[in-house]
Amino acid sequence: QVQLVESGGGSVQSGGSLRLSCRYSGAYIPSCMAWFRQAPGKEREGVARITSDGFMTYADSVKGRFTISLDNDKNTLYLQMNSLKPEDTAMYYCAGDQRSGCRLWSLGDSLFLYNYWGQGTQVTVSS
């Protein structure tokens, strides 16, 4: 059974930093992993994605502030978030898929395509 478990969320002031982690386990070799987020009353949106060969994609709203990385030796996906803003406040979810075709998915259209999801970790940024 594949499991994804996020950690690292919390409360921070505007301009601060957080690093989210997502540890995966089970019979799973990721081709793509991604971070999504969902703010209250809003749809879940893609934040960043990384493929197994290291190709990264970011939402325009986080470019230059967030960095996604994948450590396969530690079975862990990371999201380094710097210069946080109140509008970054949301529940953050990691997602993963083992199918090679995931490399063709766009960040914005892949919400319903990922096979595996974590339970989420809350990030709150105060002004």
Side-chain angles (χ1 to χ4, degrees):
Q1 182 179 0
V2 176
Q3 284 190 316
L4 277 63
V5 180
E6 301 98 332
S7 60
S11 296
V12 65
Q13 288 192 328
S14 182
S17 298
L18 284 172
R19 188 176 80 155
L20 305 184
S21 299
C22 170
R23 192 170 193 285
Y24 60 89
S25 60
Y28 171 60
I29 299 175
S31 289
C32 303
M33 294 200 75
W35 288 98
F36 290 78
R37 67 185 181 186
Q38 187 167 18
K42 293 189 177 182
E43 293 185 351
R44 193 173 298 188
E45 62 176 0
V47 175
R49 186 203 67 177
I50 187 167
T51 64
S52 57
D53 52 1
F55 185 78
M56 295 169 281
T57 306
Y58 295 95
D60 288 342
S61 59
V62 305
K63 279 181 183 176
R65 299 189 299 122
F66 290 10
T67 302
I68 190 171
S69 60
L70 179 61
D71 187 335
N72 286 313
D73 291 336
K74 295 183 178 179
N75 287 6
T76 304
L77 174 74
Y78 300 100
L79 185 68
Q80 178 66 44
M81 305 186 295
N82 299 329
S83 303
L84 282 162
K85 305 175 182 180
E87 50 263 44
D88 295 318
T89 295
M91 185 72 78
Y92 283 71
Y93 300 88
C94 69
D97 204 282
Q98 75 281 12
R99 294 170 288 177
S100 59
C102 66
R103 291 171 170 78
L104 303 177
W105 302 344
S106 69
L107 188 59
D109 295 334
S110 57
L111 175 61
F112 299 107
L113 298 177
Y114 283 90
N115 267 339
Y116 307 113
W117 288 85
Q119 81 290 348
T121 186
Q122 178 67 38
V123 171
T124 302
V125 184
S126 58
S127 57

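Residue numbers count from 1 along this sequence.
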Return the minimal non-hydrogen interatomic distance between Val47 and Phe66, and the atom names on each side.
CG1-CD2, 3.7 Å
Can you list the steps and then say if Tyr24 with Gln3 is a side-chain contact (heavy atoms from CB on, under 4.5 Å)?
CA-CA 6 Å; Tyr24 60 89; Gln3 284 190 316; over 6 Å; no
Do Val62 and Ile50 belong to the same hydrophobic cluster, where Ile, Leu, Val, Met, Phe, Trp and Tyr are linked whenever their side-chain heavy atoms lie under 4.5 Å apart, directly or via other members?
yes
Output yes when a side-chain donor or acceptor of Thr89 lies under 3.5 Å from a complementary backbone atom of Val125, and no otherwise.
yes
Applying salt bridge (Lys or Arg N to Asp or Glu O under 4.0 Å), can you list everything that pairs with Arg23, at least two apart in sequence or on another chain?
none
Hey, any chance Leu107 and Phe112 share a hydrophobic cluster, counting ILVMFWY side chains that come within less than 4.5 Å of each other, even indirectly?
no
Residue pairs passing the salt bridge (charged side-chain N to carboxylate O under 4.0 Å, His left out) test where at least one lies in residues 27-42, sequence neighbours excluded:
Arg37-Glu45, Arg37-Asp88
Any side-chain heavy-atom pair of Asn72 and Pro30 under 4.5 Å
yes
Flag, side chain of Thr124 to backbone of Ser11, donor-acceptor distance under 3.5 Å
no
Give a yes or no on whether the backbone of Trp105 and the side-chain of Arg49 come within a donor-acceptor separation of less than 3.5 Å.
yes
Given the rule in the side-chain contact (heavy atoms from CB on, under 4.5 Å) test, do Cys32 and Tyr114 qualify, once you have shown the distances and angles that lead to the verdict?
CA-CA 9 Å; Cys32 303; Tyr114 283 90; 4.2 Å; yes
How far apart are the closest heavy atoms of Ser14 and Pro86, and which atoms are they?
OG-CD, 3.8 Å
Report the C-alpha separation of Tyr28 and Tyr116 in whole Å, then their side-chain angles, then the decisive distance to 0.1 Å, and conclude whether the ring pair (Phe, Tyr, Trp, His ring centres under 6.0 Å) test is met.
CA-CA 10 Å; Tyr28 171 60; Tyr116 307 113; 5.2 Å; yes
If I take atom CG from residue Leu84 and atom OG from residue Ser126, how far apart are they, to the nearest 0.5 angstrom?
10.5 Å
Do the ring centers of Phe36 and Tyr92 come within less than 6.0 Å of each other?
no
Polar side-chain atom of Asp71 near backbone of Lys74 as donor-acceptor pair, under 3.5 Å:
yes
Worked verdict on Arg99 versus Asn115 for side-chain contact (heavy atoms from CB on, under 4.5 Å):
CA-CA 9 Å; Arg99 294 170 288 177; Asn115 267 339; 3.8 Å; yes
When rounded to the nearest 0.5 angstrom, what distance separates CD1 in Ile68 from OG1 in Thr57?
8.5 Å
Residues Gln122 and Met91: closest non-hydrogen pair is N-SD, 3.5 Å
Residue pair Cys102 / Asp97: nearest heavy atoms and the distance that separates them
SG-O, 4.3 Å
Grouping I, L, V, M, F, W and Y whenever their side-chain heavy atoms are under 4.5 Å apart, do Leu79 and Leu4 come out in a common cluster?
yes
Using the rule that two of Ile, Leu, Val, Met, Phe, Trp, Tyr join whenever any of their side-chain heavy atoms come within less than 4.5 Å, decide whether Leu18 and Leu77 are in one cluster.
yes
Side-chain donor or acceptor of Arg65 paired with backbone N/O of Ser61 under 3.5 Å:
yes
Heavy atoms of Met33 and Leu70 approach each other most closely as SD-CD1, 3.8 Å
Would you say the side-chain atoms of Ser106 pair up with the backbone N or O of Asp109, donor to acceptor, closer than 3.5 Å?
yes
May I ask you to decide if Leu20's main-chain N or O and Glu6's side chain share a donor-acceptor pair within less than 3.5 Å?
no
Looking at side-chain heavy atoms only, is the closest gap between Asp53 and Arg103 below 4.5 Å?
yes
Using the ring of Trp35 (Phe, Tyr or Trp, six-membered ring only), decide whether Arg44 places NZ or CZ under 6.0 Å from its centre and within 45 degrees of its axis.
no
Which atom names give the shortest non-hydrogen contact between Ile29 and Gln98, and what distance separates them?
O-CB, 3.5 Å
Output for pair (Cys94 SG, Gln119 CD), nearest 0.5 Å, gives 7.5 Å
